[in-house]
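Encoded as structure tokens, the structure appears first; notes follow it.
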Amino acid sequence: MTIKIVETTPFDDQKPGTSGLRKKVKIFQQLGYMENFVQSIFDALGGVEGVSLVVGGDGRFYNDVAIQTILKMASANGVARVIVGQHGFLSTPAASCVIRKGEHTGGIILSASHNPGGPDDDFGIKYNASNGGPAAEKITDAIYAMTREISEYRIMDAPDIDLGTLGETTLGAMTVEIVDPVADYLELMEDLFDFDALKSLFKGGFRLCFDAMHAVTGPYAKAIFEDVLGAPAGTVINAEPKPDFGRGHPDPNPVYAKQLFDVMFGPDAPNMGAASDGDGDRNIILGRNTYVAPSDSLAVLAANAQLIPAYNQGLRGVARSMPTSCALDRVAAAMKIPCFETPTGWKYFGNLLDAGRATLCGEESAGTGSDHLREKDGIWAVLMWLNILAETGSSVNDILTSHWHSYGRNYYSRHDYEALDAGTAQELIAALRAKVSELPGEQFSDETVELADDFSYSDPVDGSVASAQGIRVTFKSGARVVYRLSGTGTEGATLRVYIERFVAGPDGLDEDTQEALAPLIAIARDLAEIRERTGRAEPSVIS
Ligand code: G16
């Protein structure tokens, strides 16, 4: 085995987005593309001599090839030890868990999350730090800077490692440990939740339908819900992870998780439905004939967290990303705890969680989590709901309805315009940005603008500032519209429009969401001239 030092030249498109570098597989397959990025991670860390790293991914196409490359490069760069999930599998929350538990230096997670997989689809890579969370912006900026000036990478000339056999092996001077991807994560969940109460729930005939969408959560969900908690076989559907997600799109929304929605809105539906995404960090929750909007789910979890063993001392604070609905703020106000508003991207929660200023956090994009890890966590969210249902004896629908009666309801929807021409989308945002200062006081139908700005966040822990994080327009009625471009797509641009209106109740709490928001949706479309600028009359996805 020899170390090869390979000369290379920079690629100009390796700037990490909302969550690492996401591109088409074909781009990653270019000679040196993956290698340049991995070497840039190592260099941005100031070298990796003697460190220990965790490596794993969501099992999508190219996962195994990428892992072999990373292992050979890690060895050639002097890494002492690498922990790899068996067959290269580690859900994103499980990777965070393994990094934290083993006090490793960090980890490399291979995933394009909810994006489709396969030779013509998407792949991704990101670095997580020793706290188990996505690298902060100063690190991703440093990685990007390295990709701009890289001239060589180091790689071991060695045969591939067998990723299927548990236990230790070596690659050059580096130890490679292949671990059960579920074990540490399961142990952590057992610490957080009342597993006895959950076992009794299932014993009593409670029925769950969990859609793993042929993605990485299949083995986790089967082990936890079926094997440990005793839910009947078949509780987890689409349980077998596949490199192309069974040709599906592992994004748990009403469009792509249609099978689950059909079950939950069909005859004799189970008590609860749930799904997770490609890498297991997102979740959606459904009751019978009910879809719980992720922003509502976050607020419900915060309001009921004290019922869960891990949170029975109360929450120190909560946090949500700016476009997430303000339902969480109402719970925080009632609990008299702080509610932080951060930019989109889980990395912005890291400092708040590390500093103990937030216990629970979440996003409209189907992500919820807590200080148990530094990633959002799909199965954790399902266990939170199950534990709340077990403690209260209520149904998902009852919990949601009584939440609205206590706190009022934030009608909320996100409209996505996918695969837009990138230039057109940027012009649309630039035009909005140019007019925000003139909007206050302007009237649109029945709504008068109170505040309009381009969101800027100043981190209360380290003072770092993130600007240009989305245009928000708040109306005097309390309604709100937010516009931003997705940072996770791999083709063209996706415009996200977030629309929200608050109803205090007790009347008007059970309207259809799109109907309740219809006037505001029209305002949002006209204000940004969406139809005129993009030619699109309707969004591609409504969630
Ligand atoms: C990532 C981030 C999330 C973010 C989401 C959507 O999630 O970790 O914080 O909300 O992207 O981002 P965007 O609106 O920019 O597409 P994931 O699950 O893709 O890693």
Side-chain angles (χ1 to χ4, degrees), residues 15-23 57-58 60 90-93 95-96 109-117 122-128 132-137 140 213 215-217 249-253 256 275-284 294-295 298 319-325 340-350 352-353 361-369 373-381 414-420 422 425 429 455 457 466 468-471 482-498 539-541 543:
K15 187 172 172 51
T18 308
S19 186
L21 185 68
R22 290 188 189 162
K23 299 280 175 196
D58 62 13
R60 69 179 56 228
L90 271 176
S91 75
T92 293
S96 183
I109 302 180
L110 303 163
S111 170
S113 183
H114 52 292
N115 295 0
D122 296 355
F123 193 72
I125 172 168
K126 68 171 181 173
Y127 179 72
N128 277 31
E137 212 156 46
T140 55
M213 303 188 87
V216 77
T217 42
H249 190 144
D251 189 350
N253 67 31
Y256 301 125
S276 193
D277 67 334
D279 60 331
D281 55 1
R282 298 183 175 206
N283 77 91
I284 51 168
S295 294
L298 172 63
R320 63 164 173 85
S321 65
M322 182 274 282
T324 303
S325 97
F340 298 92
E341 186 177 38
T342 61
T344 294
W346 204 261
K347 60 191 170 207
Y348 294 106
F349 294 133
L352 296 169
L353 294 167
C361 43
E363 300 184 276
E364 51 69 37
S365 55
T368 24
L373 290 178
R374 294 297 179 272
E375 287 281 3
K376 54 189 182 277
D377 188 347
I379 287 191
W380 168 90
R414 186 176 96 186
H415 288 203
D416 294 335
Y417 296 79
E418 295 180 338
L420 296 178
I429 292 288
F455 180 60
Y457 177 65
Q469 296 296 320
I471 309 291
V482 172
Y483 306 86
R484 59 179 284 280
L485 299 182
S486 160
T488 57
T490 57
E491 227 168 17
T494 295
L495 170 68
R496 302 207 195 284
V497 185
Y498 312 82
S540 338
V541 179
S543 52

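One-based numbering, in listed order, for ligands and for the atoms of each. Predicted, not measured: the structure shown is a model, and the values here were computed from it.
- Using a distance-only test at 3.5 Å, with no hydrogens or angles considered, a donor-acceptor pair links the side chain of S111 to the main chain of S113.
- The distance from ligand 1 to the heavy atoms of E363 drops below 4.0 Å at these ligand atoms: 3 (C), 4 (C), 9 (O), 10 (O).
- At least one N/O-N/O distance between R484 and ligand 1 falls below 3.5 Å.
- Checking T342, T344, D251 against atom 4 (C) of ligand 1, the nearest heavy atom belongs to T344.
- Heavy-atom separations between G345 and ligand 1 include at least one value shorter than 4.0 Å.
- Atom numbering of ligand 1 starts at 1 in the shown order; those under 4.0 Å from a heavy atom of R496 are 13 (P), 14 (O), 16 (O).
- Geometrically, ligand 1 and L485 share no nitrogen or oxygen pair separated by less than 3.5 Å.
- A distance-only check finds no donor-acceptor pair linking the side chain of R484 to the backbone of V497 [under 3.5 Å].
- Between S486 and ligand 1, at least one N/O pair is under 3.5 Å apart.
- Residue contacts with ligand 1 for T488 involve both N, CA, C or O and side-chain atoms from C-beta outward (heavy atoms, distance under 4.0 Å).
- Distances between N or O atoms of E364 and those of ligand 1 include no value under 3.5 Å.
- Within the 4.0 Å heavy-atom cutoff, K376 counts among the residues contacting ligand 1.
- Taken from CZ in R496 to OH in Y417, the straight-line distance is 13.0 Å, to the nearest 0.5 Å.
- Within the listing of ligand 1, atoms 18 (O), 20 (O) sit less than 4.0 angstrom from a heavy atom of D281.
- Ligand 1 places these atoms under 4.0 Å from at least one heavy atom of H114: 19 (O).
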